[in-house]
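What's counted below: heavy atoms across the whole structure, side chains too, no hydrogens, waters or symmetry copies. Each residue takes its place number in the sequence, starting with 1. In listed order, ligands and their atoms are each counted from 1.
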Amino acid sequence: MSLAELERHREDINKCFRCNLCKIVPLPLIRDVDFVSACPISSHYHHHAWSGSGLQFLAHSLIDGRLEASADMAEVAFACRVCGYCDVACKSIMDAERSGVIQALREHLVDAGFAPASNRAALENMRQYGHATGVAGTRVADWARVQGIKVLPEQQAPVLLLAGDELHTDPAAFAVLQKLAALLERAGIDFGVLADEPASGIHAWWAAGREMFSQAAQAMASEIAACGARTVVTASGTALGMLRAKYADYGVSLPNIEVRHASELLAELLRRGKLRPQQASRPLRVTYHDPCFLGRHAEPTEQWDGEVRVAFGQLRYEEPPKAVRYGTRGVYDAPREVLQSLPGVELVEMPRIREYALCCGYGGGGLPEYAELVDASGRERLREAASVAPDVLATACGFCAHHFRATQAGVDAPGRDLRVADLVDLVHAAVFPS
Ligand code: SF4
Ligand code: SF4
């Protein structure tokens with residue numbers, strides 16, 4: 001079944017000519033010779049197999065029958081942080097889908113029984129407990145009732161505040177949720193939370209559990225449809241990417257539902273004067289890390305149902321032309337607008353930003369089998385952040401923040417003195433100064 005899914009990508013796979021540009025920042029955009037590499041696994045393993053292109057070649061060997069699925073192949077494929085960088089970088093020279101191939105390759109390896117142990121455990125936890133960590137998150141609805149916040153669908157509100165899966169990994173994500181709720185209340189937004197929020201599916205997607213992910217997407221879509229809200233707001237970068245883009249890739253839609261990241265709503269509320277930030281007691285230099293799922297992975301794809309034709313015996317083309325996801329339509333401007341709206345904040349950009357941002361290293365779920373790679377990737381992003389000498393490393397995804405803090409705790413980690421904060425933390429501090 002999943003090999004057929006891989007076969008569907010043959011045209012894209014065939015187009016890889018091993019130019020290696022998927023490993024680096026596009027030449028015209030290189031701003032610093034020190035920060036040119038951008039594929040976390042290529043930078044760590046220094047072997048072509050561990051790269052976007054290497055994974056295309058593994059996929060090619062599978063569909064042509066030159067290699068069979070194996071534990072060795074899975075070891076390479078699950079090292080990939082599924083950050084989507086190679087996909088965007090390759091599209092700076094050609095219209096070819098790389099992320100879809102990598103995901104289909106991993107799904108095939110899961111089906112063939114070769115996923116790493118922690119990957120299998122994540123899927124099993126989802127099956128048993130509904131969440132990949134097996135750890136119950138804070139009961140958001142219990143907290144909401146105590147706070148007098150509406151709980152949907154028992155009550156009705158036009159806006160659903162979605163907590164996201166980060167709550168099951170890091171309690172800090174709950175504090176972000178609480179602060180966002182306070183900001184929405186201050187702005188006069190009528191909102192509520194779900195009585196029993198299901199998993200967004202990010203862990204199933206990371207673990208390449210195709211069926212599990214489809215089920216999670218369906219469950220979330222049903223909950224949202226039944227709750228009566230017409231707008232979903234979340235501070236979770238991964239939830240945003242799931243709802244805005246990945247669900248549709250698996251045929252799950254959210255009809256008539258607007259999905260907004262907290263940064264998009266906060267930017268609007270600040271612009272309209274619904275939130276009034278106070279002058280900070282001292283200037284703050286802030287750099288911003290673009291989360292993969294809020295950026296590259298948040299761009300929706302239009303489903304294509306055409307055919308590949310051949311002209312002049314060798315020129316292959318798609319009819320009708322396939323819409324291409326370049327990664328440029330992710331959420332990049334709103335977080336920057338929010339930061340620039342805060343009095344006293346100076347935004348200082350890292351060399352690798354927006355669709356060419358480096359992954360924090362947690363993509364894929366931070367599997368323990370790859371602890372060294374995951375830590376090295378986090379260190380590299382912290383080193384880059386420290387290079388622009390900020391006071392704060394801001395982000396907009398609880399998993400990125402969690403991973404940066406964990407990496408900072410390591411021996412000799414770069415950027416140990418940087419304060420890691422969510423955008424919501426910074427807006428809350430400016431609107432409710434202590
Ligand atoms: S995936 Fe794209 S950028 Fe990477 S080697 Fe192949 S053709 Fe070049
Ligand atoms: S998705 Fe990210 S980690 Fe994986 S091959 Fe592409 S750039 Fe490298």
Under 2.8 Å: N/O/S of C80 next to atom 2 (Fe) of ligand 2: no
Pi-cation contact, F404 with R381 (under 6.0 Å, within 45°): no
Check ion pair R10-E5 (N to O, under 4.0 angstrom): no
Sub-4.5 Å side-chain heavy-atom contact between R325 and K91: yes
C39 neighbourhood, listing ligand 2 atoms whose heavy-atom distance to it stays under 4.0 Å: 5 (S), 7 (S), 8 (Fe)
Heteroatom test (N, O or S) for C16 near atom 4 (Fe) of ligand 1, limit 2.8 Å: no
F399 and W206 aromatic ring geometry - parallel, tilted or perpendicular at 30°/60° bounds: perpendicular
Carboxylate-amine/guanidinium contact R296 E355, below 4.0 Å: no
Protein heavy-atom partner closest to atom 1 (S) of ligand 1 - residue, atom, separation in Å: R98 NE, 3.2 Å
Contact check, side chains of Y247 and S200, non-hydrogen atoms, under 4.5 Å: yes
Heavy-atom nearest neighbour in the protein, as seen from atom 3 (S) of ligand 1, with distance rounded to 0.1 Å: C22 N, 3.3 Å
Check: E337 main-chain N/O paired with R271 side-chain donor or acceptor under 3.5 Å: no
Proximal ligand 2 atoms for G52, defined as those under 4.0 Å from one of its heavy atoms: 5 (S)
Contacting atoms of ligand 2, where contact means under 4.0 angstrom from a heavy atom of I41: 3 (S), 5 (S), 8 (Fe)
Where ligand 1 meets M94 - atom numbers and elements under 4.0 angstrom, heavy-atom basis: 7 (S)
Sub-4.0 Å heavy-atom contact, S42 with ligand 2: no
Any K23 heavy atom less than 4.0 Å from ligand 1: no
